[in-house]
Amino acid sequence: MSADDLLIERDRLGPGVLEVTFNRPERRNAFTTDMYTELRALWERTAEDRSVRVVVLRGAGGKAFAAGNEISDFVEADAVDYENWIREMFDRLWALPQVTIAAVDGVCVGGGLAVATHCDLRVATESSRFGYPIARTLGNALSGTVLFRCQAIFGESLTREMLLASRLVTADRGYAVGALAAVVPDAAALDAEVADLAAGIGQASRATIETTKHQLLTRARPAEASIEGEEALLREVYGGPDFTEGVRAFLAKEKPVFRG
């Protein structure tokens with residue numbers, strides 16, 4: 001990982017605010033294995049850091065929060081094992097005692113949307129879009145825990161639209177169903193909204209926040225657990241011709257031709 005792929009700042013948006021920026025704008029901030037490794041370690045450290053009250057996640061460049069995973073990493077690993085390993089990072093983010101905010105400016109898809117839906121709050125600029133267009137791009141499938149987290153945040157209808165119709169959901173539609181806490185005009189307004197949220201959280205009872213998060217997490221985990229036999233299903237998908245074609249076409253910068 002480049003030393004600059006993740007930018008970590010303290011207190012720019014207020015006291016006790018840890019800001020994490022995905023900084024690969026030339027790749028729409030797609031996540032690499034090294035970035036996931038560092039994020040996993042960062043959440044472990046942050047969970048023990050009582051000086052942090054709020055964690056803000058964002059993407060650099062103004063075009064994307066994060067556009068999924070670096071596809072070449074799938075070629076170099078067992079895809080299902082890799083997805084399972086990534087899910088452990090999502091769970092550590094979800095379990096943080098601090099309030100987590102995804103500040104979205106641009107496209108938020110694939111792994112980027114998984115990160116955003118594992119945050120407590122989401123705010124976005126008007127031009128932002130959300131989705132999982134994998135049926136038209138890679139021909140893979142989401143793990144149940146990631147799918148059900150999206151359903152919990154965006155609702156079943158929009159989740160079906162994202163995955164079955166490969167449509168991206170606008171920020172206004174996300175706000176209408178409660179997936180977003182606010183929609184703002186531009187990046188400057190996004191910073192102001194996040195700073196305002198963080199200021200209020202910084203004055204709130206830590207006991208209330210941590211207890212509420214624990215209650216919600218404990219209730220949600222069993223409800224959003226993977227279905228029985230899911231790993232076998234995913235191995236069939238990742239070992240099938242559609243995923244092979246999706247990866248080939250993506251790396252070749254071509255449109256995939258699915259025959260499955």
| query | Is any NZ, NE, NH1 or NH2 atom of the basic residue among R87 and E224 found under 4.0 Å from an Asp or Glu carboxylate oxygen of the other? | reply | no
| query | Would you say R160 has more than 12 foreign heavy atoms packed within less than 6.0 Å of its CZ? | reply | no
| query | How about L18 and Q98: do any of their side-chain heavy atoms sit closer than 4.5 Å? | reply | no
| task | Kindly give the cluster partners of L168, where membership spreads through any ILVMFWY side chain lying under 4.5 Å from a current member. | result | V107, V109
| said: List the residues meeting salt bridge (charged side-chain N to carboxylate O under 4.0 Å, His left out) with E19, not counting sequence neighbours, and say none if there are none. | reply: R12, R58
| query | Is the closest basic N to carboxylate O distance between R45 and E38 below 4.0 Å? | reply | yes
| request: Please step through side-chain contact (heavy atoms from CB on, under 4.5 Å) for the pair R24 and T32, ending with a clear verdict. | output: CA-CA 10 Å; R24 301 182 72 224; T32 65; 3.4 Å; yes
Compile the donor-acceptor pairs under 3.5 Å between side chains in residues 131-141 and protein atoms, sequence neighbours left out, one pair per line.
{"residue": "Y132", "atom": "OH", "partner": "A114", "partner atom": "N", "Å": "3.2"}
{"residue": "T137", "atom": "OG1", "partner": "P133", "partner atom": "O", "Å": "3.1"}
{"residue": "N140", "atom": "ND2", "partner": "Y238", "partner atom": "OH", "Å": "3.2"}

| said: With a 4.5 Å cut-off on side-chain heavy atoms, are D91 and W43 touching? | reply: no
| task | Please name the residue in the list T159, I153, L142, I227 that meets the side chain to side chain contact (heavy atoms under 4.5 Å, CB included) test with F148. | result | I227
| salt bridge (charged side-chain N to carboxylate O under 4.0 Å, His left out) partners of D196, counting only residues at least two apart | none
| message | Which label fits Y36 and F31: parallel for a plane angle under 30°, tilted from 30 to 60°, or perpendicular past 60°? | response | tilted
| request: Please name all residues satisfying salt bridge (charged side-chain N to carboxylate O under 4.0 Å, His left out) with E236, sequence neighbours left out, ordered by chain then number. | output: none
| query | side chain to side chain contact (heavy atoms under 4.5 Å, CB included) with V123: which of L197, V104, V184, L180? | reply | L197
| Side-chain donor-acceptor contact under 3.5 Å, R10 with S51 | yes
| query | Can you check whether I209 reaches V99 side chain to side chain, under 4.5 Å on heavy atoms? | reply | yes
| query | Is N29 reaching over with its side chain to a backbone N or O of A64, donor-acceptor style, under 3.5 angstrom? | reply | yes
| note | Residues at least two apart in sequence or cross-chain that pass salt bridge (charged side-chain N to carboxylate O under 4.0 Å, His left out) with R173, listed by chain then number, are E161
| Given the rule that I, L, V, M, F, W and Y join up when any side-chain heavy atoms are under 4.5 Å apart, are W94 and L216 in one cluster? | no
| query | Can you check whether F258's main-chain N or O pairs, donor with acceptor, with E245's side chain at less than 3.5 Å? | reply | no
| Will you find, in the side chains of T100 and D120, an N or O donor that is under 3.5 Å from an N or O acceptor? | yes
